[in-house]
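Below is one structure, written out as structure tokens; comments come after it.
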2 protein chains.
Amino acid sequence: MATISRGRIDKRRAILEGAFAVFARLGYARAGVQDIADEAGVAKPTVYNHMTDKATLFRNAVEAVAQALLDERLAALEPLADPGDDLRSTLEGVADELLRLHTDDRSCALRRLLYSEILRFPDLLDIVKGGGPRLHQALADRLARLALQGRLRAADPDEAAEQFMALLVGPLEVRSEMGTRALPEAELRSLARAAVRTFLVAWGAD
Amino acid sequence: MATISRGRIDKRRAILEGAFAVFARLGYARAGVQDIADEAGVAKPTVYNHMTDKATLFRNAVEAVAQALLDERLAALEPLADPGDDLRSTLEGVADELLRLHTDDRSCALRRLLYSEILRFPDLLDIVKGGGPRLHQALADRLARLALQGRLRAADPDEAAEQFMALLVGPLEVRSEMGTRALPEAELRSLARAAVRTFLVAWGAD
DNA sequence: CATCACTTGAACTCATGGGTTCAAAATAGC
DNA sequence: GCTATTTTGAACCCATGAGTTCAAGTGATG
């Protein structure tokens, strides 16, 4: 076993990963701690040696995944920091990547778990957003910059960011039937282009 | 008890309503059939006398509520059949009503239950949509009519409908934190106006 | 080698909850 | 008013699962 997991840290990570996998598959209530231990390749008491109870196990597992996914989405916004002369195609690239991330299995699972357990774990909201609406803020910042450069209408970067995400994700969520159905690549790209098209009509510089 | 519930039918309705209330509050797994019986003012065997098991109880409860909510939303689209000369304010009225319905407690609960149990009850999707995407279809039809009358850009009514709903509901879902927080009336109206503004820039007749 | 911390499997406790049974009571229908 | 259907409460069976205990094992560290 020394080949795979060395030390407490690796075991902790294995437990959190296993936990998220099982929670994602079965939901909080149906997931058994024994299932999680099996998935993580670990004994049940070991789980309790790292986490005091099922609830904190859940919180930590969700937090770890949410953190990772948030980072990915933030990274996806990077191209907006320095779009070439073709703003449209840069936006489409970002949109494409955001859609790809949004349709990721872990992303869909996280969404399901949040909706499902938000009443019992209200603190998950703050945990997931990681202190303030980081993603929205980052996007709004980028758009504000572009507005200052005269490449977007300057009206309201927050509203623009809100609507950009909505145009992107809303139709996706409907067509994928709440993340149940996988969409073909081509349809994803088409969704991204449609969103950017409307976004630019509304918010592009004349 | 003759004053409240007469006959089997009323009992059945009471059971379905109680079931939805409890499922909404606790989720499928945590909801006990005894809880449901209590909420419905009925004995546990009576529940099993109407529904073979917890799963079909769940399906029927969800179906009843989904049906009612869908009807409400369809009705909310009515004004679009004959908008006055002020298309914008008609759209804003419809948008307002749709937002109101979307923030309704039962609406939020239904959404939570769907996301939560969609993997275990894949058939819920069809049950909820009630045979084809009725709401989307109805909206797209209205928009197509308006396009024919030259009051909207004729490009693609389906895409227009998709984006109209996205612009409305997306920002709402973010701001209300997945239906957790209630928004003040004023903010709802402001959301509706923002959505319609962008929609008309993109899809309004020049 | 000796110590200390951690892991393991298995067994155990205890609470919860789905679903059933049954005899008594209520209700519906005629 | 009489019969057939439902309803009711309470008890019951049984499976599942959270969390614990413990004795034996494993691994690092000095």
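Below, read A as the first sequence line, B as the second, and so on, with proteins coming before strands; counting in each chain starts at 1. None of the values given here were measured: they were computed from a predicted structure.
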Exercise for the section: In whole angstrom, give the distance that lies between atom CG of B:N49 and atom P of D:dT7. Expected result: 5 Å
Exercise for the section: To the nearest Å, give me how far apart CG (A:D35) and C1' (D:dA18) are. Expected result: 12 Å
Exercise for the section: Assign each of B:Y48 and B:P45 to its nearest nucleotide of DNA chain C by heavy atoms, then name whichever residue's nucleotide is nearer the 5' end. Expected result: B:Y48
Practice task
Inspect the contact between B:E97 and B:R73 and indicate whether a charged nitrogen and a carboxylate oxygen are less than 4.0 angstrom apart.
Solution key: no
Practice task
Find out whether the Lys NZ or Arg CZ of B:K54 is both under 6.0 angstrom from the six-membered ring centre of B:Y28 and within 45° of the ring's axis.
Solution key: yes
Exercise for the section: Go through the N and O atoms of the side chain of B:K44 and the base of C:dG19, and report whether any donor-acceptor pair is under 3.5 Å. Expected result: yes
Completion exercise
By nearest-nucleotide position on DNA chain D, the 5'-leaning member of A:D53 and B:A43 is B:A43
Practice task
Determine: side-chain N/O of B:K11 to OP1/OP2 of D:dT5, distance under 4.0 Å, yes or no.
Solution key: no
Problem - Residues A:E162, B:R175: salt bridge by 4.0 Å N-O rule - result: yes
Exercise for the section: Return the value, rounded to whole Å, for the distance between atom OH of B:Y28 and atom P of C:dT16. Expected result: 20 Å
Handout entry: Atom-to-atom span, CE of B:M51 to P of C:dT20 - whole angstrom
Key = 15 Å
Problem - Ionic contact status for B:E39 with B:R25, cut-off 4.0 Å - result: yes
Exercise for the section: Assign B:A31 to base, sugar-phosphate, or nothing according to its heavy-atom contacts below 4.0 angstrom with the strands shown. Expected result: sugar-phosphate
Problem - Nucleotide nearest A:T46 when distance is taken to its side chain, options C:dT7, C:dG18, D:dG19 - result: C:dT7
Problem - Side chain A:D35, main chain A:G32, donor-acceptor under 3.5 Å - result: yes
Practice task
For B:H50 and C:dG19, give me the distance from atom NE2 to atom P, rounded to whole Å.
Solution key: 16 Å
Handout entry: For atom CD of B:Q34 and atom P of D:dC13, their distance in whole Å
Key = 18 Å
Exercise for the section: Rounded to the nearest angstrom, tell me the gap between atom CZ in A:R30 and atom C1' in D:dA15. Expected result: 15 Å
Exercise for the section: Give the rounded distance in Å between these two atoms: CZ of A:F58 and C1' of D:dG17. Expected result: 17 Å
